[in-house]
Amino acid sequence: MNSLIFKTITKVVSPILMIFSLYLLLRGHQLPGGGFIAGLMTSAGFVMIYLAYGCERFDFKHRSRVFYFMFSGGLALSFLTGLAGLFVGGYFLKSGVAHVEMPLIHENWEFASAAVFDIGVYLVVCGVCVSLMTLLGEEE
Amino acid sequence: MSHLLVLPILIPLGTAILLLLLRFQPMARRIVIGLSSLLIVAVNISLLLKINAEGIQSYRTGGWAAPYGIILVGDLFSGILLVLGCVIAVCAVYYSFAYLKTDAQKALFHALFFFLWAGTNGSFLTGDIFNLFVMFEIVLMSIYALLTMLGEKKQIEAGIKLISMGLLSSALFLVAVGGIYAFAGTLNMADLAVKIKPHAHHPLVSAVAMLFIGVFGLKAALMPMHFWLPDVHSSAPTPISAMLSGILIKVGVYAIIRIFCLIFVDLQGHFQTFILTLACITMFVGAMGAVAQTDLKRVLAYSSVSQIGYIFMGIGFFSVAGMGAAIFYIISHGIIKASLFLAAGVLKKMRGTMEMSEHGNMMKISPIFTLFFLIGVFSLGGIPPSSGFFMKFQLIKAGLDGAFYLPVAVALVVSLFTLFYLIQAWQKICLHTQEKAPENPLNPHLLVPVGVLALLALVLGFASAPVIDLANAASEQLFTPELYINAVMGKQ
Amino acid sequence: MTSILIIVFFPFAASLLLLLLSPALQKINFGTRLGWAISVVPFTCVALILSLLPGVHAGGASTFHIPWVPRYGIELSFLVDGLSILFGLLISGIGFLVVVYSIWYLSEKEDRLKFYLYLMMFMGAMLGVVFSNNLFGLFTFWELTSVSSFMLIGFWYHKDVSRYGATKALVITGVGGIAMLAGFIVLYSITGTFDISEILLMGDVIRASDFYVPALILIFLGCATKSAQFPFHVWLPNAMEAPTPVSAYLHSATMVKAGIFLVARLSPAFSGTAFWTGLVAGVGLTTMVVGGYMAIRQTDLKGLLAYSTISQLGMIMAMLGFGTQYSAEAAIVHIINHAGFKAALFMIVGIIDHGCGTRDLTYVGGLKKEMPHSFKIALVGCLSMAGLPIFGGFISKEMFYESTLHMPYSGFPYLIPFIAVSASIFTFAYSFKFLIWGFFYDAPKSPPHHPHEAPALGLFSPALLAIIVVLLGIAPGFFAHGVLELAASAVSGKTADLNLALWHGVNTPLIMSFFTVVIGIFLFMRLKKVVSVQDKLSEKVPWLSPNFVYNKGFLEGIPPLTQACMRWFQSGNLKQYLSVIITFVMLSTFGLSISQGNPLTFARLFQTELNFVHLLTFILLIVASLATVCFKNRISAILALGMTGFLVAFFYVLMGAPDLALTQFLVESVAVILILLVFYFLPPYFKEAPPQRTKISDISISVLVGSVMTYYMLMVMDSHLTETIAGYYLEVSEKLAGGRNVVNVVIVDFRGLDTMFEIAVFSIAALGVYGMLKLKKKPKHISKVLGSK
Amino acid sequence: MKLLLPLVIGVLFASGTYLMLQRNILKLVLGLSLIGHGANVVLISSGWIGTGQVPILGRDESMPFVDPIPQALVLTAIVIGFAALAFLLVLSLRVYRDLKTTDVAEIKGQKG
């Protein structure tokens with residue numbers, strides 16, 4: 001799989017995938033997208049990098065701790081969002097919606113706490129997928 | 001609304017996440033584990049007391065009312081199982097510290113263990129059929145991981161069997177949920193009960209009920225879905241074996257009781273013969289299997305299969321007395337079997353094998369161990385005044401009251417075999433002379449949970465009246481599903 | 001009434017104390033002092049029971065309650081009447097003598113502590129059995145006697161025979177215990193109470209009930225196994241592996257008498273029907289004959305006494321079975337007689353065993369000279385056992401004969417007396433074998449060491465018993481008016497008036513006794529010949545013995561049989577497991593569903609119009625999934641699976657689920673890559689897959705699963721019943737949850753708990769993979785990747 | 001149309017079962033994945049009302065929406081199924097490494 005064409009494609013596509021995935025994550029509450037999809041897409045980007053370059057370009061082996069804390073942290077983030085719901089809203093996982101006037105662009109942005117929960121989901125999905133892949137890759 | 005109901009899920013889940021983050025701080029992990037274990041015990045017990053005093057509790061996660069959000073419901077039955085679960089789990093956790101060797105193992109084990117605990121508690125509390133699926137998945141996934149994490153050959157082998165069957169059952173679960181959602185258009189179990197009540201005898205409902213029996217029966221090791229159990233129980237790390245037999249197979253039993261006392265109430269008659277037949281076969285085959293074994297953990301594993309048959313017999317009577325007997329059986333068997341499995345682990349640590357012919361002399365090495373083991377043996381054999389006697393007594397009484405003579409006869413014959421294989425095992429391990437000295441000395445830390453559970457089994461026999469009353473109260477509650485439905489659907 | 005509590009629980013307390021103090025006691029050399037200390041316990045019990053006697057004389061029975069499980073009427077309650085007093089005295093009295101005897105018997109190196117611990121537990125349990133007024137209290141103590149006798153019989157647990165004997169006793173009495181438990185519950189459903197004194201008053205109700213026969217059979221099974229009745233008697237001879245004090249205790253007055261006790265206790269409620277007499281007396285007489293027949297064969301003195309015990313128990317059981325007042329009195333008299341002479345004889349055997357190093361009649365003989373005192377005691381015991389005058393045994397045997405002549409419900413008036421006489425002939429013969437062979441004739445071989453007499457301490461207990469045996473013969477009235485009348489009236493339910501005497505004039509029983517003695521002497525003369533005939537018979541037809549059934553059928557037969565079954569059934573083959581499970585689930589789903597009626601209305605199913613895109617997707621899906629099956633090349637098969645996944649994703653698009661489609665597409669891509677990554681390292685596809693011999697069954701299972709799922713799905717499509725809850729979500733999603741993508745809102749908000757746990761599942765998978773790949777193989781890596789410092 | 005979908009599901013399950021019953025461990029994996037697909041399709045079809053628009057609010061409100069619940073459920077199920085599949089894959093790798101076989105029928109260490 002170490003062909004030059006694939007490497008080149010990866011070089012172009014994987015950043016796009018990742019940026020697009022962030023977009024999907026943020027708009028998930030309103031349009032198709034969300035934590036799962038975004039997470040999977042980001043990991044698809046990593047998968048591409050991995051397939052194209054192996055460990056040489058992006059040192060997966062030594063960054064596996066990063067991915068470990070990525071999914072643990074994601075879990076913690078979602079859990080804490082839920083807990084916040086418990087303390088603020090009165091129920092575990094109770095969500096809240098806030099309308100915030102953005103300072104510079106003077107637009108009314110809508111923030112749902114559920115979106116924070118979704119970020120946790122994103123982190124978990126992405127962290128787990130990449131961890132899985134690196135673990136498997138090391139087995140080679 | 002009190003948050004007590006969500007805490008049995010929140011605390012273990014939070015602890016598990018915290019343990020993940022505290023990957024590199026063994027001391028901090030130890031403190032967290034100790035504190036939160038005690039906290040869970042306190043919460044579960046106070047929850048049971050609250051339910052006992054105030055009736056069925058419900059909790060709206062996310063603040064969404066039934067049937068739209070996921071509702072947590074605690075009735076007496078789930079309260080009892082929560083307490084049973086935490087008793088066994090605390091013993092297993094304590095045991096695991098002495099049982100596991102390296103710190104890496106402990107870190108992984110405890111994180112997974114608390115996920116498992118959260119899933120177990122969640123299964124007992126959830127009032128939503130799809131959430132039950134998710135809870136089952138977390139339980140299953142943690143078991144897969146805990147089973148294979150030490151990477152012994154036997155564990156890998158048992159793992160591939162368990163996960164294949166687990167995936168199959170998950171698929172069937174989804175199929176069943178799909179069917180019931182298409183039929184009734186809702187997922188909340190109380191709501192389902194209301195919606196299905198007028199159409200209870202629709203063929204689709206029966207099909208869904210049977211699929212659920214298949215799925216939950218696999219978790220509960222009901223014949224012929226029990227194939228995974230002997231392998232998994234015998235090869236899993238001992239604390240997990242104790243959890244499996246003590247509480248996790250009861251999760252499947254719980255789910256079957258729950259759906260048949262809530263959603264499929266009107267199908268009880270239709271399924272009665274079927275369940276009783278399966279129960280009798282399970283009892284019999286389990287006992288036969290146990291007689292055939294030479295490996296102690298496998299003896300105990302098959303014994304669990306057999307005992308599951310007893311529990312299903314109690315369920316199959318579909319009477320308040322029968323269900324009460326089944327619930328008491330669950331409690332009592334959970335404690336006794338956990339104690340026996342942990343005792344087996346003590347032996348495994350000493351000689352590295354579970355073959356009974358390799359063991360012996362325990363009477364000389366540790367009379368205390370012999371005593372604890374013997375208490376377990378006689379309790380499971382149903383000798384009074386241990387709790388095991390009351391579990392069998394109630395079951396037989398319920399069966400005779402309901403004129404189910406054949407199942408009762410099978411139960412009686414099988415209980416003889418139970419006593420026989422257990423006594424044989426005890427003799428081989430404690431009385432037989434063994435030339436070889438054990439490789440490792442007996443670790444007294446491992447004995448503590450064994451003793452606690454064994455003594456608990458004894459106490460449960462001497463002071464059985466309150467527990468029996470509680471089990472029967474839970475059973476009466478189960479047979480008045482209106483209480484459950486009102487608690488969920490009514491004004492909250 | 002506190003004294004009854006002390007009587008029952010004092011031995012338990014002593015036992016518990018020994019258990020708790022054992023670590024401390026093991027360090028000091030207590031010698032024989034422990035035994036003396038323990039002997040206080042039974043002595044106190046005797047005194048207390050005697051103190052209860054006047055009350056019973058004056059006012060009949062009295063009871064005492066402690067609640068246990070009120071819901072089922074289970075409690076500890078105690079009944080003090082003539083019967084319980086009689087048994088209580090036997091248990092504690094002989095218990096005291098046994099403890100004293102054991103002080104001499106147990107040597108320094110034996111674990112005396114454990115011995116007394118078990119013995120006291122056993123004694124407490126026995127006292128509990130006889131004083132219980134609640135069937136479940138009784139059952140609890142009953143099972144405790146099984147447990148503690150298991151410990152006592154297996155006291156020398158390092159010997160195989162001891163463990164064998166202990167297990168056998170436990171298993172056989174366990175069978176009975178389980179049956180008895182069921183019987184009690186049946187009895188409860190008749191009477192509505194577990195209270196024995198209430199049950200005893202309801203005899204007419206019980207006898208008239210439909211459940212009379214099952215209740216009787218089940219309860220009697222318990223009694224028969226405990227009292228070693230044919231064919232359950234086989235455990236008793238093996239139980240002789242216990243230390244001799246234990247044998248003397250268990251097999252004279254206690255354990256084996258528990259069954260007799262219960263039959264006697266319940267006979268006011270059950271007796272008086274033809275079925276009762278047929279069952280109880282029939283079993284009793286059979287046991288009596290079989291026991292006698294076996295006893296004359298034995299050369300082991302303890303074995304001889306064991307079979308003799310079986311025979312004597314059969315005799316008592318038969319008397320209880322006759323069900324007349326006279327026979328009840330006879331039974332009571334024989335219970336005390338038997339307890340006396342049998343305990344004495346067992347102790348003598350212990351002395352012989354001690355003195356000669358063996359108790360086998362091929363080595364032991366002519367002990368009259370070396371053991372003069374033992375001989376005198378044995379003489380008394382054997383003559384009483386043989387039923388010769390001036391001893392108690394004679395009185396009870398005469399009463400037995402008398403009662404056989406007057407029994408009700410006998411179709412053959414001469415048969416029963418005839419059986420009684422023949423069984424007594426055996427009794428006579430083995431009693432003389434014990435006495436003459438043991439003390440007069442010289443043995444063919446010489447014993448391991450030269451015989452010597454026991455010291456006074458060892459002789460004390462048997463001698464005292466021998467005196468009682470003599471007193472029972474010459475002054476029976478003292479015992480009769482003291483306890484026996486009370487006990488007999490408790491059994492028969494009517495006031496008894498015992499007139500015991502050695503001489504009743506020349507009557508039929510005396511003539512029967514005369515024949516017994518004459519033929520008995522003849523049999524004894526020909527004993528060797530008879531025994532050789534017996535040996536030949538048992539060689540030819542070994543399966544006639546119930547022992548054969550237990551050993552070959554149960555102990556050796558069942559484990560291999562079950563092992564073979566389990567190896568076939570639990571074959572370890574995943575494929576077999578999966579096929580059984582899925583076939584079972586599918587068949588029962590179909591069966592249980594179709595038995596509720598046919599759900600399908602095909603007219604409705606055909607209603608929807610044909611859509612080309614749908615059709616194409618479906619066809620492609622079918623093709624792709626079949627391709628996954630058919631491709632032999634592994635890469636192609638994996639890609640076909642991926643294709644199926646993509647088509648499913650496309651199907652989601654058609655179903656109006658863009659989120660799903662995206663997820664499915666991404667998951668499928670990652671999954672296919674993972675599968676390829678893993679299977680890239682595995683050997684090629686069909687290198688080692690041998691030809692499938694089970695292709696047809698595989699295909700039929702698959703077709704079955706496919707058809708049931710199709711049927712199921714048709715039902716699902718056809719039976720949308722009600723409005724779904726979806727409307728609510730569509731309505732409030734934007735307002736309350738601030739999101740327009742309802743699916744996402746459902747996931748992260750309405751059903752947030754699902755998602756919370758779902759990501760947990762996801763993380764667990766990663767942790768599991770980590771554990772599997774890292775924990776065992778390369779421990780060094782742990783520190784690098786995820787591990788600790 | 002309604003008749004064809006059950007057939008598709010039947011075929012998915014049947015081929016999944018057939019593969020699952022083969023001896024090669026890869027086929028076991030493939031079979032279980034197919035069965036998983038089948039289950040997801042059953043679940044999504046439980047909300048099928050024929051036609052409907054994507055459940056995203058704020059656009060055309062005239063047409064009925066597709067039921068979003070089964071979609072959410074299937075999404076959860078897909079992710080969980082993927083996690084289990086990944087685990088199964090690694091496990092089969094271990095089976096090959098430790099037990100030296102890819103033949104499921106040879107994994108018979110624990111019988112009886």
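Values in this document were obtained by computation on a predicted structure and should not be read as measured data. First the proteins, then the strands, lettered A, B, ... as listed; each starts at 1.
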Could you tell me whether the side chains of Ser164(B) and Tyr577(C) share a donor-acceptor contact shorter than 3.5 Å? no
Which bit of Val708(C) comes within less than 4.5 Å of chain B, counting heavy atoms only: side chain, backbone, both or neither? neither
Counting heavy-atom pairs under 4.5 angstrom with chain B, the leader among Met709(C), Glu143(C), Arg751(C), Gln576(C) is Arg751(C)
Top residue by heavy-atom pair count (under 4.5 Å) with chain B, among Cys565(C), Gly768(C), Ser593(C)? Ser593(C)
Answer key: most heavy-atom pairs under 4.5 Å with chain B among Leu592(C), Val585(C), Leu753(C) is Leu592(C)
At a 4.5 Å cut-off on heavy atoms, which part of Phe389(B) comes close to chain C: side chain, backbone, both, or neither? side chain
Considering only heavy atoms and a distance below 4.5 Å, find which of Val175(B), Leu20(B), Leu400(B), Leu13(B) pairs most often with chain C. Val175(B)
For the interface with chain B, which of Val746(C), Val769(C), Val580(C) has the highest count of heavy-atom pairs at distances below 4.5 Å? Val580(C)
Tyr164(C), OH: over 12 other non-hydrogen atoms inside 6.0 angstrom: yes
I'd like to know if the side chain of Tyr421(B) pairs up with that of Gln293(B) as donor and acceptor (distance under 3.5 Å, no hydrogens or angles considered). no
Let me know if Ile213(B) has heavy atoms under 4.5 Å from chain C in its side chain, its backbone, both or neither. neither
Could you tell me which of Ile423(B), Thr433(B), Thr61(B) has the largest number of non-hydrogen atom pairs under 4.5 Å with chain C? Ile423(B)
Using a strict threshold of under 4.0 Å (side-chain N to carboxylate O), is an ion pair present between Asp160(C) and Arg163(C)? yes
Does any heavy atom of chain C fall under 4.5 Å from the side chain of Leu172(B), the backbone, both, or neither of them? side chain
Chain B heavy atoms under 4.5 Å from Tyr729(C): which part of the residue, side chain, backbone, both or neither? side chain
Max heavy-atom pairs within cutoff under 4.5 Å with chain B, candidates Tyr188(C), Phe139(C), Phe184(C), goes to Phe139(C)
